[in-house]
There are 2 protein chains.
Amino acid sequence: MRYSADHKAQTHDRIVKEAAARFRRDGIAATGLQPLMKALGLTHGGFYAHFKSKDDLVETALLSATEELTQVCEKAFANPQPLHSFIDTYLSPTHRDSPERGCPLPTMAAELGQRGQPSPITDQGVEDRLARLAAALHNAPNADEQSVVMLSTLVGALLLSRSVQDPQLSLRILDTARKALKQQADDVL
Amino acid sequence: MRYSADHKAQTHDRIVKEAAARFRRDGIAATGLQPLMKALGLTHGGFYAHFKSKDDLVETALLSATEELTQVCEKAFANPQPLHSFIDTYLSPTHRDSPERGCPLPTMAAELGQRGQPSPITDQGVEDRLARLAAALHNAPNADEQSVVMLSTLVGALLLSRSVQDPQLSLRILDTARKALKQQADDVL
DNA sequence: TGTACATCAGTGAACGCGCGTTCACTGATGTAC
DNA sequence: TGTACATCAGTGAACGCGCGTTCACTGATGTAC
């Protein structure tokens, strides 16, 4: 059944988007290609018309997720108080409860590190994020160092808030980290 | 082949220790029971003489890892400058390169959160760690908040330093976070 | 414009593999007499 | 002290399952005449 010119590109994109969501929500190992294709109304055999292997999809999906996230971040950075706005978004209960649409670092960094040959997206992603934070700090004298600490705290706090069962403790982690980071940002600027 | 009185307890302990190491190094899903038992010179069938299921082992191994880690932490806290000593240990290249003997949070928090029914060890572990940090801060007025930020930064920085490929960037994350946290500790005290 | 053909995205059965788990068994050692 | 028996930690084949991957195929549509 031959389809219109851009049909394949559209399907390709649907697979990438769905995979990017599942990888972040469930992890790479726990995401099966069969259920993934089924969720899109397709059969698993067709997968290999789009990707060389699961690893190929992982790389493509992670790039897509990173790119998508950069745009979400830029939206926050476009607000009047860019850093405050970004910190509020990153450490919001919404972000905590929607890993499938959020930052890949807290969900996938550990698994990517454990895999045999991790893709360079982590390095590039971390460097980009650090550079973006440093820029938002208006390149203050110690902006480079502050950005490393900030990113670590952001990722760590979100990870902890997600792994804890007690809703009160989870919220306490988010709120405390959010408040402290905004204070820290003000001190630097 | 009947063994001496405490032989079974010893084998049980060996399985727990090996599992605690593998779960932290490779993740839970990637750790097979067959390879695990083989590494101990046993066959996989005997596993069920010791544990009800893999989940049972996961719970036991995580408790063991947490307990073991608490002792390592206390060693650091026993030094002249307890907080500095602890921060130096946690964010050392040694800890980064030995996840199998280190803190379970950076390696396993994401996977535990993604599992269906995570054990309460995360909550208890996080609370314990927070309380220990607050105590080390001599219960300064905002020690409760500082401890949350500290733990987030510790976990986040270690996670990032592990997931990055570039050794220079990895070391930069560790060094920067270590320096900033020690400064932060001094400010509070 | 109408027909024959080529294309190729998607189908679905099949593959080998390792997983967690089960189970009938073995056989060295502690215990009972 | 010597012998018969019970115990039970560990053995290893087998189970069903879902995984990633392969492949001969289908059939609607674009293209050539």
Side-chain angles (χ1 to χ4, degrees), chain A residues 1-23 25-62 108 111-112 114-119, chain B residues 1-23 25-62 108 111-112 114-119:
Chain A
M1 29 180 148
R2 202 171 180 187
Y3 297 93
S4 59
D6 60 343
H7 183 98
K8 186 176 184 182
Q10 278 178 29
T11 303
H12 182 97
D13 203 55
R14 285 173 61 220
I15 298 174
V16 170
K17 287 287 185 297
E18 182 67 24
R22 287 176 178 238
F23 288 158
R25 193 190 59 201
D26 307 327
I28 297 170
T31 298
L33 297 183
Q34 237 137 312
L36 177 99
M37 295 297 279
K38 199 171 184 183
L40 296 172
L42 298 167
T43 50
H44 54 278
F47 174 84
Y48 294 89
H50 294 280
F51 302 96
K52 263 195 13 250
S53 63
K54 186 182 181 181
D55 275 346
D56 183 15
L57 173 64
V58 168
E59 203 158 321
T60 311
L62 288 184
M108 314 194 51
E111 192 176 7
L112 284 174
Q114 283 157 357
R115 305 187 104 219
Q117 34 109 29
S119 53
Chain B
M1 30 180 146
R2 203 172 177 185
Y3 296 93
S4 59
D6 61 342
H7 183 98
K8 188 178 184 182
Q10 279 178 28
T11 303
H12 183 97
D13 203 57
R14 284 173 62 220
I15 298 174
V16 170
K17 287 286 184 297
E18 181 67 25
R22 287 176 178 237
F23 288 158
R25 193 190 59 201
D26 307 327
I28 297 170
T31 298
L33 297 182
Q34 237 136 312
L36 176 99
M37 294 297 279
K38 198 170 183 185
L40 296 171
L42 298 167
T43 50
H44 55 278
F47 174 83
Y48 293 89
H50 293 280
F51 302 95
K52 263 196 9 254
S53 63
K54 187 182 181 181
D55 276 345
D56 183 16
L57 173 65
V58 168
E59 203 158 320
T60 312
L62 288 184
M108 313 195 51
E111 191 176 10
L112 284 174
Q114 283 157 355
R115 304 187 105 219
Q117 35 108 29
S119 53

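When reading the values below, keep in mind they use all heavy atoms of this one structure, side chains included, and skip hydrogens, waters and symmetry mates. Letters A, B, ... mirror the listed sequences (proteins, then strands); counts begin at 1.
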Which residues within residues 49-60 of chain B lie with some heavy atom under 4.0 Å of an atom in DNA chain D?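 B:H50 - these, ordered by number, are the residues of the stretch whose heavy atoms sit under 4.0 Å from the strand.
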
Heavy atom of residues 32-40 of chain A under 4.0 Å from DNA chain D: which residues?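 Of all residues in residues 32-40 of chain A, the ones placing a heavy atom under 4.0 Å from DNA chain D are A:G32, A:L33, A:Q34, A:P35.
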
For [X] against [Y], the heavy-atom pair lying closest together:
| X | Y | answer |
| --- | --- | --- |
| A:Q114 | B:R25 | CG-O, 3.2 Å |
| A:K54 | A:F23 | CE-CE2, 4.4 Å |
| A:L40 | A:R14 | O-NH2, 2.7 Å |

In whole angstrom, give the distance that lies between atom [atom1] of [X] and atom [atom2] of [N].
| X | N | atom1 | atom2 | result |
| --- | --- | --- | --- | --- |
| B:D6 | D:dA9 | CG | P | 12 Å |
| B:Q10 | D:dG10 | CD | C1' | 15 Å |
| B:Y48 | C:dC19 | OH | P | 12 Å |
| A:I15 | C:dA9 | CD1 | C1' | 10 Å |
| A:F47 | D:dC23 | CZ | C1' | 16 Å |

Of all residues at least two apart in sequence or in a different chain, which pass the salt bridge (charged side-chain N to carboxylate O under 4.0 Å, His left out) check with A:K38?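 A:K38 satisfies salt bridge (charged side-chain N to carboxylate O under 4.0 Å, His left out) with no other residue.
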
Under the salt bridge (charged side-chain N to carboxylate O under 4.0 Å, His left out) test, which residues partner A:D56, sequence neighbours left out? none

Given A:E18 and A:M37, is the side chain to side chain contact (heavy atoms under 4.5 Å, CB included) satisfied, shown in steps? CA-CA 9 Å; A:E18 182 67 24; A:M37 295 297 279; over 6 Å; no

Does A:F47 have any ring-ring contact (aromatic ring centres under 6.0 Å, His included) partners at least two apart in sequence or in another chain, and if so, which?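 For A:F47 the ring-ring contact (aromatic ring centres under 6.0 Å, His included) partners, ignoring immediate neighbours, are A:F51.
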
Please tell me which of the listed nucleotides, C:dT21, C:dG10, D:dT22, lies nearest to the side chain of A:H44?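 Comparing C:dT21, C:dG10, D:dT22 against the side chain of A:H44, the answer is D:dT22.
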
From C:dT11, D:dG20, D:dA9, nucleotide with atom closest to B:H7 side chain: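 Closest of the options to the side chain of B:H7: D:dA9.
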
Identify every side-chain donor-acceptor pair in residues 26-33 of chain A under 3.5 Å, counting partners at least two apart or on other chains, and give the distances.
unit_1	atom_1	unit_2	atom_2	d
A:T31	OG1	A:R22	O	3.4
A:T31	OG1	A:G27	O	2.7

A:Q10: side chain to side chain donor-acceptor pair (under 3.5 Å) partners, not counting sequence neighbours: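 Partners of A:Q10 by the side chain to side chain donor-acceptor pair (under 3.5 Å) criterion, ordered by chain and then number, come out as A:D6.
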
With rounding to the nearest 0.5 Å, note down the distance linking NE2 in B:H50 to CG in B:L57.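 One gets 11.0 Å once the value is rounded to the nearest 0.5 Å.
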
Sorted by chain and residue number, the side-chain contact (heavy atoms from CB on, under 4.5 Å) partners of B:A20 (sequence neighbours excluded) come out as B:R24, B:A61, B:A65

Can you tell me which stems DNA chain C forms when a stem means 3 or more consecutive Watson-Crick or G-U pairs under 3.5 Å?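 The stems are C:2-33 with D:2-33.
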
